[in-house]
Number of protein chains: 2
Amino acid sequence: MLEAAAALDFHPNMIARGLVTARTHVLGVIVHDVSDPYFGEIVRGLEDAAHMRDHRVFVCSSDRDPDRELAYVRALIGHRVDAIVFAGGAIEDRSYRTQLKRLLEGFRSLGGIVATLAPHAMRTPSVTIDNVAGARDMTRHLLDLGHRRIALVAGPEHLRTSHLRLRGYQEALADAGVTPDPDLVEPGGFTTEGGAKATVALLARTPDLTAIFAANDVMAFGVLHELADEGLHIPHDVSVAGFDDISMARFALPPLTTVRVPMGELGQQGAHLVVDALAGRRVRSQSLPTEIVVRASTRRIGR
Amino acid sequence: MLEAAAALDFHPNMIARGLVTARTHVLGVIVHDVSDPYFGEIVRGLEDAAHMRDHRVFVCSSDRDPDRELAYVRALIGHRVDAIVFAGGAIEDRSYRTQLKRLLEGFRSLGGIVATLAPHAMRTPSVTIDNVAGARDMTRHLLDLGHRRIALVAGPEHLRTSHLRLRGYQEALADAGVTPDPDLVEPGGFTTEGGAKATVALLARTPDLTAIFAANDVMAFGVLHELADEGLHIPHDVSVAGFDDISMARFALPPLTTVRVPMGELGQQGAHLVVDALAGRRVRSQSLPTEIVVRASTRRIGR
DNA sequence: ATGAAAGCGCTAACAT
DNA sequence: ATGTTAGCGCTTTCAT
């Protein structure tokens with residue numbers, strides 16, 4: 001009978017099944033933007049592992065807009081997804097947090113699972129990396145290279161991930177006894193455009209900088225671009241470092257020194273975590289290691 | 001009563017609704033790889049428009065593997081998605097085509113809609129660009145700049161999009177009376193890695209080339225990288241052009257001359273097309289315009 | 001062992 | 001206008 005079904009391309013109706021089993025085999029992932037390489041790679045990993053374990057995934061790009069994010073969460077609950085995965089860092093916004101919390105309580109009472117792939121205050125199982133350590137390591141690397149005037153192109157202000165990477169940078173400077181200079185820190189919004197703009201500001205304000213650490217690779221591309229535009233040579237005049245190691249990073253000119261974040265694995269482990277939890281297995285949060293990858297965009301200071 | 005529902009965070013069950021209305025408000029999009037910038041931007045556009053019109057989207061990265069693609073189509077049918085959108089060009093494979101055709105017949109008989117955002121032989125409504133014209137225009141641009149030895153880093157061999165872009169290149173050369181040289185054409189698999197490798201091969205085989213046209217931007221990044229590695233200056237020694245205009249293209253070093261494909265709009269129009277069709281409106285295929293965007297990676301030949 | 005029936009949460013068609 | 005009921009395609013329970 002099963003062969004007959006297969007031969008006739010009979011497709012059992014997951015919708016009907018979902019109604020009775022209360023399991024839809026669908027996961028929702030909320031990202032800032034799927035077309036951002038960082039999130040694209042996470043979604044790809046998540047999708048792969050989910051597909052392997054017979055689950056489908058809804059992509060939801062929120063642009064970090066609280067209302068849009070909430071609207072997506074409501075829609076996902078309406079579709080009775082089995083789990084919601086928050087891929088990006090928490091948006092620091094009081095009203096958003098309260099509303100989200102309420103929604104998620106309802107979702108959980110429906111049997112839903114929530115997980116995060118980035119720093120959140122919520123007590124949900126998560127797969128993350130240590131943002132503070134990553135930023136500290138890279139800053140230390142720059143320090144070891146002899147740099148003292150190290151600028152940071154930071155992430156968006158209201159984002160937890162930004163705070164953590166900023167803290168890592170500050171900690172490394174403090175450890176090395178370098179006086180922190182607020183003028184050396186400029187937010188770049190985690191966009192290439194923003195990275196370029198921040199570079200303009202930094203160059204004007206602190207022309208004595210010798211290195212620029214961008215809190216993500218996408219911004220580092222903007223830094224590289226702007227510096228080249230100014231006729232500055234990298235790494236001769238200025239060293240540049242990024243964070244994430246998106247696949248384009250090694251093809252930047254010059255190839256970008258960066259903190260490798262295993263985005264694909266973050267997504268995969270995230271999928272496994274929620275599917276395991278749905279199967280009733282007890283799951284635990286984990287932290288994946290980061291690693292400095294030194295390429296040609298950074299160099300020892302000085303002649 | 002409705003207010004009470006809203007206040008209590010009551011989320012009507014779309015699953016149950018789907019069972020009776022035979023509409024799930026879910027779209028499936030099949031892409032080569034969400035983490036590829038080209039597809040990432042398409043998915044983003046599709047998702048935006050779908051979300052606006054109250055539909056959710058399943059992402060399915062097939063890696064252009066026929067079996068994986070077929071498996072995804074089966075899964076999507078099982079989930080009774082309202083529509084399946086094929087974002088990538090047709091895979092030229094006999095057995096795959098037959099099987100796909102059968103599956104889609106079943107899907108249609110269930111009331112499903114199929115659409116494509118790239119060249120396919122299927123007679124489905126589509127939103128596309130003219131790949132031949134785009135490649136012809138760019139080749140002509142290079143020709144106008146005085147180039148005669150123009151290499152092409154082509155796409156994967158079994159892909160319809162590759163054939164079309166190759167044809168545009170060939171047509172422009174023929175129009176200009178330039179003898180085509182098969183040695184100037186090397187496939188690069190539509191990956192950055194492949195673009196770099198193709199460059200190595202081309203440089204060895206045809207050292208007299210003065211321009212390299214990569215059939216997509218992702219490969220152009222590899223070309224740029226490899227050329228820089230060889231100590232060649234762009235555009236002084238070699239002009240480089242791409243295709244797609246992914247958001248990183250203007251931040252390449254030097255900024256990449258390319259054929260602008262409106263990926264986001266492709267996705268948006270794709271979503272509107274299928275949602276309109278689902279609403280019973282009669283829809284028609286459309287072709288979106290491409291445009292040459294000249295940046296710093298190409299220059300007039302010459303001494 | 002196999003088969004019949006109830007019910008998941010909705011919508012639509014019906015009756016009041 | 002309102003309320004009631006049948007049924008969507010499955011799984012699960014219960015009777016045979």
Side-chain angles (χ1 to χ4, degrees), chain A residues 1-28 50-51 53-58 71-84 102-114 274-275 277-281, chain B residues 1-28 50-51 53-58 71-84 102-113 274-281:
Chain A
M1 199 59 193
L2 276 172
E3 312 121 51
L8 291 167
D9 280 331
F10 172 77
H11 306 276
N13 188 335
M14 299 291 292
I15 292 302
R17 168 189 302 198
L19 190 57
V20 22
T21 59
R23 282 288 174 243
T24 51
H25 283 232
V26 175
L27 275 28
H51 179 57
R53 301 187 63 176
D54 197 28
H55 284 251
R56 245 39 62 195
V57 4
F58 282 145
Y72 258 129
V73 171
R74 280 190 205 96
L76 292 176
I77 298 177
H79 279 277
R80 295 296 188 275
V81 296
D82 292 341
I84 300 180
R102 254 206 28 242
L103 283 175
L104 293 183
E105 266 163 25
F107 179 58
R108 281 207 195 80
S109 73
L110 249 31
I113 300 281
V114 179
V274 298
V275 177
L278 287 164
R281 248 168 286 186
Chain B
M1 200 58 194
L2 276 172
E3 311 122 50
L8 292 166
D9 280 331
F10 172 77
H11 307 275
N13 188 333
M14 299 290 293
I15 292 303
R17 167 189 302 197
L19 191 56
V20 23
T21 59
R23 283 286 175 245
T24 51
H25 283 231
V26 175
L27 275 29
H51 179 57
R53 301 187 64 175
D54 197 29
H55 285 251
R56 246 37 64 194
V57 5
F58 282 146
Y72 259 129
V73 171
R74 279 189 206 97
L76 292 176
I77 298 177
H79 279 276
R80 295 296 188 273
V81 296
D82 292 342
I84 299 180
R102 254 207 27 242
L103 283 175
L104 293 183
E105 267 163 25
F107 179 58
R108 283 208 193 79
S109 72
L110 247 32
I113 299 281
V274 297
V275 177
D276 282 348
L278 287 164
R281 247 168 289 184

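Chain A is the first sequence line, chain B the second, and so forth, proteins listed ahead of strands; every chain is numbered from 1.
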Quiz item: Does the distance from a Lys or Arg side-chain N to an Asp or Glu carboxylate O, for B/R80 and B/D82, drop under 4.0 Å?
Solution: no
Quiz item: Ignoring hydrogens and geometry, is there a side-chain-to-backbone donor-acceptor pair from A/H25 to A/D54 under 3.5 Å?
Solution: yes
Self-check item: Atom-pair distance (CG on A/L110; P on C/dG9), nearest Å
Solution: 9 Å
Practice problem: Let me know which of B/V26, B/N13, B/I15 forms a side-chain contact (heavy atoms from CB on, under 4.5 Å) with A/H79. | Solution: B/V26
Practice problem: Can you tell me the distance, in whole Å, between the CG atom of A/L19 and the C1' atom of C/dT11? | Solution: 13 Å
Quiz item: Which one of A/V275, A/L278, A/L27, A/I84 satisfies the side-chain contact (heavy atoms from CB on, under 4.5 Å) criterion with A/I113?
Solution: A/L278
Exercise. Would you kindly give the CD1-to-P distance between A/I15 and C/dG7, to the nearest whole Å?
Key: 23 Å
Quiz prompt | Parallel, tilted or perpendicular: ring planes of B/F58 versus A/F58, cut at 30 and 60 degrees | solution = parallel
Quiz prompt | Helical bend (five base pairs per end, nearest 10°) for the helix from C/dG3-D/dC14 to C/dC14-D/dG3 | solution = 50°
Quiz item: Roughly how far apart are A/M14 CE and B/T24 OG1, rounded to 0.5 Å?
Solution: 12.5 Å
Quiz item: Which value, rounded to the nearest 0.5 Å, describes the distance between A/R108 atom CZ and A/I77 atom CD1?
Solution: 10.0 Å
Practice problem: Find the distance B/N13:CG to C/dT11:C1' and express it as a whole number of Å. | Solution: 13 Å
Quiz prompt | Bounds of contact between DNA chain D and chain A, in 5' to 3' order, using a heavy-atom cut-off under 4.0 Å | solution = D/dG9 to D/dT11
Self-check item: B/R23 CZ to C/dG9 P, straight-line distance once rounded to whole Å
Solution: 24 Å
Quiz item: Does a side-chain heavy-atom distance below 4.5 Å link A/V274 with A/R53?
Solution: no
